[in-house]
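In what follows, chains carry the letters A, B, and so on, assigned in the order in which the sequence lines appear, proteins first and then strands, with residues in each chain numbered from 1. Note that the coordinates shown come from a computational prediction; the quantities given were computed from them, not determined experimentally.
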Amino acid sequence: MKNLIRLFIAICFLLSIMAVPAVAGNVVKLEKGEPVHLAYWFVTSGPNTSLGMDSLRGAEIAIEDFGGKLKGHPIKLDGQDSMCGPEGGQAAASKIASDPTVIAAIGSSCSSAAKAGVPILWKMGIPNVSPSNTAPLLTDPAAGPDFDGYLRTCHNDNIQGAIAAEFAYSQLGVKKAATIHDGSVYAESLQRVFSDTFRKLGGTITSQEAISPGDTDMRPVLTKIASGSPEFLYYPMFIAESGHVTRQCKEVSGLENIALMSADGSFSPDFLKAAGKAAKGMYHSSPDFSALGDSYTKFLAKHKAKYGMDPEAPFHAHTYDAVILILNAIDKVAVVDGDTLTIDRMALNKAMHETKGQKGLTGDLTCNANGDCANPKIAIYKTSMADIKAGKMSPKPFWKKY
Amino acid sequence: MTKAQSLWNHGVKIGAIGGVSVLIIALVGMIESFGKRDIISGILPMGIAMALIICTLVAYIAADKTPISEKSIKFVNAVISGFVTSGFLALLVVIGRSFNMRDMLIAASPALYKALTAGIAGAGGIFLILAVGLICGIFAGVLILLDTFPRKLIIKALATIFILGLLQELIMPLIKSWNFGITNYLGKLFYTQNGLTIIGVVLAAVIFCIISLLWKANQNAIKGTYTDLPKGTQKKVKTFGFLVLAVFLIVLPQFLGLFLSEVLTIVGLYVLLGLGLNIVVGYAGLLDLGYVAFFAIGSYVVAILTSPEIFSFGFNFWQALPIAVIMGITAGMLLGIPVLKMRGDYLAIATLGFGEIIRILVLSDFLKPWLGGAQGIGAIPNPNFFGFQMVKPQHIYFLILAGCMLVVFISIRLKNSRLGRAWMAMREDEDVAQAMGINLVATKLLAFATGAGFSALSGAIFASKIGSVYPHSFNLFISINVVCLIIIGGIGSLPGVVVGAAVLMGLPELLREFAEYRMLVYGAALVAMMLLRPEGLWPEARHKIELHGDDETQTQTAE
Amino acid sequence: MFQKWKDRVTVTDIVMWMIGGTLLLLCLWGSVSTIRAGLYTRSHWIDFCIFGLAQGSIYALIATGYTMVYGVLKMINFAHGEVFMSGPFTGYFVAMALWRSDFLDTHPILGIIVIFGVAMFVSTMIAYFLEKVAYRPLRNAPRLIPLITAIGASFFLQYFFRGLYGSGINAYPDIEILEGFWMIFGVRVLKIQVIVIIASVLLMLVLYNFIMMTRVGKAIRAVSEDKEAAALMGINVDAMISTTFVIGGMAAGAAGVLYALMFKQVHFFMGFIPGIKAFTAAVLGGIGNIPGAMIGGVFLGLIESVAPALFLDGLGIIAPYQLKDAIAFSMLVMVLIFRPTGILGERLSAKKA
């Protein structure tokens, strides 16, 4: 027993010595030949793989276009799978945060993952730029200091949700709508913005239902929705669940001819696979690519040449812009000293937030203090039978506000 | 058994099993995706190394299993099975080159065939595969012909090289973070940016052989010295050993850097969980598949009390911690009541149900105003230790270490207490235990409560470590993982829990390249472990008899 | 009289009954207020029930596999959900090949039979080798050991198929003859659901008769009663256990294709949740008991479909369908409180449970 007590005292003593704060180093020093390390955390497995892989391809092309080198140091891109959910975001961010060579992170694909992961990255001083997190709360001034190191090059859903509601109310002329979300930050906030705007315009929301990710049998919940007899169903969820809802809507009495609408999270050829013929006549809101200029056409040609396919999801161009934004900012703040390159990640974050008028594929990027950098143009797309046969989302916007 | 039969049974059949294994590895994409990483820089990619290892291993097993004592037959069997194994791969390449199988098997890509044939087109590549298989078989045959000591030496030296190559991504950043003259030099000597250098390979093999030879020469002397010591001194040596271990554990994170410390904290959290479940399953014999519920409760209590996002209670971590543990214990009692009468698998599914109910309730929109719903609770402050913010994994590590020590201490004391013996009696036979005057209700509830308390403690630390809680983090897999780790470690054994957590939770984290195949390897390892070593890695001395006693009826029927 | 009653009933019993009673009262109250609020018409309720029946009959088919394995081996075959997944996942590629070549449009019945054949074959093979590799060497091991190999095999199979076929979206093609509705007694019913329900009922009848009537079935029952005695009677125990897995695998493969035809999407993880549900159903009905598994499956399917609308709407709980699994598990706990060995389960002795 005496030994145990002695041991305990010794341990306490040592603990107090060891617990001396280690200086949180926010400066990354690169010696000759060591790479500038960027880490992505997209979704690279599961039903939403197309969303993450699309971004990854955009990032790879961006690094190629940048020249693959930054002040003589090669650029290295690797990453983790954030799996489109908070637990995946936590895990991926913890792994990136525990790698001291990472200079900046790109990601995540889904807002839920970002909400969980960004504070973890920022605690370790790693700034992050997202190409596809659209949930409003991430750049909300009320988000707090945990999100100081966060920027995004895509639109904010305050815009997307409102446009969807305006489209439904003014263009389609529906007065009664219902929504479904899957509990993700993305779907939940998008349907909330939609509902609020729709109500403000004068419409009624008959029900706001929720399902769980991974559910397959939507018929009961759709029957419940049908009991309120809405004319319009808005379900801005991800590919698998949106596919189930689209198919099963046609099978529930009362909902056969209802207008259906989803959002950019399922704007992918994979969605047509999941929904099949039932997707005919369905609407999606997504960034307007027809409005983009020459540089985007060039990007598409490069994409086709490099990967033998067209982009699969709406966020490749945003990722391209995000990577260029990061690299430009690093270029600005990196200090060359002989062979070593010194990068202060705090200064990098500040420089990124101060980006003004960067010419990007998606337009001119100017970041505000909250981290919103996009200059969004959202359009509504309609899927036709021809699109389903071709297995591609419609390339031409069906309706746009501007 | 005739020689011809043996050739068929042991040469060809085992070769075929090996062939199927190699095919599995190739078709799930492991060979191709590990092709980018080299074990030996520029010479041996990791994917190919794995195929070689399997091929050689299969040939070795084939020879080893041959019941005929003639060495020549063993040798021939090894060669045959090595050849057969590679034959499967050769067949895959032949078929794959003429048919496009990619629509179905996504890994059957030209890149895979190129990796397998080392880029040689046409029949040359096929012959290369077969020749390599033959060489593996011959190598395994030669190993069989050798004496035990040189055989083991060669196998272990090769394993050392493989492991050194495998762990490059782990060792190099460490060396960089130490930034110390000798280690820097050694790092440059052994490793390139991708894989070991040739000098590194030779050096590693030579150094390993020298150490083994020295150990073999002196091992009896070293062991003898210890057993020769008088009892009192032996005890002192042991205490000293513990002290060294304690110091080692405390200074460990200073040397490990960010990433390994992070891994250590994950292992630590699972050790806490495992120690708790060990009481429920290991001591009391109640199979609980909903153990994650208490982990979730611990996390959420800390989150609600300390985070300003939903309610601003403004507690700090140390104030919230005891409340979390008490809530966990209460929940353990409450959830224990309905399942008191259930046994075996009914208990397992009912507890699994509890775990899911808790997760679904937390996830629901209905309770969102209080629990945050799917969007969880963020902005949980880090623990503050007398004005010192515990931010980095290295700091949280100390917190977890303290928690583990406390829980280990309680576990040890409980095990030999009246209560611990009552638990074990209950595990053996509930009816007899009751007849002996044990209050089953109280004993069961105490087991649930203690386990739940430890779990809640782990959850509380988890919440403050990660800074946010989400219902999805508390899924069934955590319960399953914890059950697996205590059984892999050796049920009822305390060091077993630590070993189990390190092997099941720590190792997969270390092998980052395996990320995509992590669960595949994990699953295969669970099956293999249970087939080869069902008693666990560090079994408790008594438990084997006890566990077998539990299944007396089954043992009898099968005999 | 009172004294006798007092001896038998303990405090815990009373507490347990109170918990069960509270749950029951909540359900009743919810149902009454939902029905009084009149949100749903008669046809809505019929729809809920049919959706539940279709889902439940698939659970029932999977659950028979669980329950039979439990009968002979007294173990939870955790990997059964993966047996269920492997068939339709492989069948998907057959279906797509047939669809692309227009075979599925010209000979739909034959095409569907081919898909069923392939899927059932794959599931059967997986089940057979699963038993042979992962369970047979552990025949005499303590009961937690095979549970762990089952969990390990489950992970392995999931990620093996993920590596093999990828993790993206795969959806069965639309088959013309399975789409649309039938009017049955004036009620509009989805064709596919009628087919699923009829096919499941037929399969379960065949299975039940096979177990009850044939020699092999009798041998399997003998093995699940007492292995040693069965062996003494000249029954090849190992072969019977293999047969059990084969039958369970066939049922799972068939259930898998029905599931895929109903929901279209197949992926490597699709077996996990139905697997857990079917396991729950098997326990609900009394594990080891084949009719019990069927009743448990249908009951669970109905609860999932009807209960959120019926119980929770009236209680004013928003988004009730998020909570359907919570209700299902609460029902399970409630049933087990009153009948600790399931609906049809025999009163097992301590040793057997």
Quiz item: At a heavy-atom separation under 4.5 Å, does C:Tyr92 approach chain B through its side chain, its backbone, both, or neither?
Solution: neither

Exercise. Would you mind telling me which of B:Val441, B:Asp365, B:Ile480 has the largest number of heavy-atom pairs within less than 4.5 Å of chain C?
Key: B:Asp365

Self-check item: Pick from B:Ala528, B:Ala525, B:Ala108, B:Ala524 with the largest number of heavy-atom pairs that fall under 4.5 Å of chain C
Solution: B:Ala524

Quiz item: With side chains defined as the heavy atoms from C-beta onward, is the minimum distance between C:Tyr159 and B:Val28 less than 4.5 Å?
Solution: no

Quiz item: Non-hydrogen atoms of chain B under 4.5 Å away: do they reach the side chain of C:Leu164, the backbone, both or neither?
Solution: both

Quiz item: Mind checking whether C:Tyr59 and C:Glu304 have side chains closer than 4.5 Å, heavy atoms only?
Solution: yes

Practice problem: Answer with yes or no whether the side chains of B:Tyr517 and B:Ser33 bring together a donor and an acceptor at under 3.5 Å. | Solution: yes

Quiz item: For C:Leu147, is it the side chain, the backbone, both or neither that has a heavy atom under 4.5 Å from a heavy atom of chain B?
Solution: side chain

Quiz item: Any idea which heavy atoms bring B:Ser493 and B:Pro539 closest together, and the distance?
Solution: CB-C, 4.1 Å

Self-check item: Any B:Asn475 side-chain heavy atom under 4.5 Å of B:Val292 side chain
Solution: no

Quiz item: Side chain, backbone, both or neither: which part of C:Phe160 has a heavy atom under 4.5 Å from chain B?
Solution: both

Quiz item: Quick one: of C:Pro146, C:Ala231, C:Gly152, who has the most non-hydrogen atom pairs under 4.5 Å with chain B?
Solution: C:Gly152

Exercise. Check each atom of B:Tyr522 against the heavy atoms of chain C and say whether the ones under 4.5 Å are side chain, backbone, both or neither.
Key: side chain

Practice problem: Name the region of C:Ala319, side chain, backbone, both or neither, that has any atom closer than 4.5 Å to a heavy atom of chain B. | Solution: side chain

Quiz item: Highest number of heavy-atom pairs under 4.5 Å with chain B: which of C:Met96, C:Met75, C:Arg162, C:Gln158?
Solution: C:Arg162

Quiz item: Side chain, backbone, both or neither: which part of C:Ile337 has a heavy atom under 4.5 Å from chain B?
Solution: both

Quiz prompt | Which atoms of B:Leu347 approach chain C - backbone, side chain, both or neither, heavy atom under 4.5 Å | solution = neither

Quiz item: Taking the six-membered ring for Trp, are the ring centroids of C:Phe272 and C:Phe155 within less than 6.0 Å of each other?
Solution: no

Quiz prompt | Largest heavy-atom contact set with chain C, pairs under 4.5 Å, which of B:Ile487, B:Ile358, B:Val339 | solution = B:Ile487

Quiz prompt | Contacting moiety of B:Leu476, where chain C heavy atoms sit under 4.5 Å | solution = side chain

Quiz item: Which residue out of B:Met104, B:Met530, B:Arg102, B:Met342 racks up the most heavy-atom pairs below 4.5 Å with chain C?
Solution: B:Met104

Self-check item: Test ring pair (Phe, Tyr, Trp, His ring centres under 6.0 Å) applied to C:Phe161 and C:Phe268, step by step
Solution: CA-CA 6 Å; C:Phe161 278 98; C:Phe268 73 98; 9.9 Å; no

Quiz item: Do the side chains of B:Phe354 and B:Pro338 get nearer than 4.5 Å, heavy atoms only?
Solution: yes

Practice problem: Identify which of C:Leu336, C:Leu332, C:Leu284 forms the greatest number of heavy-atom pairs closer than 4.5 Å to chain B. | Solution: C:Leu336

Quiz prompt | Contacting moiety of C:Ser154, where chain B heavy atoms sit under 4.5 Å | solution = neither

Practice problem: Side-chain contact test, heavy atoms from C-beta onward, threshold under 4.5 Å: evaluate it for C:Lys277 versus C:Leu300 and give yes or no. | Solution: yes

Quiz item: In Å, rounded to the nearest 0.5 Å, how long is the span from CG of B:Leu531 to CD1 of C:Ile145?
Solution: 10.5 Å

Quiz prompt | Under 4.5 Å from a heavy atom of chain B, the part of C:Ile148 involved | solution = both

Quiz prompt | Residues C:Tyr165 and C:Thr90: side-chain donor-acceptor under 3.5 angstrom | solution = yes

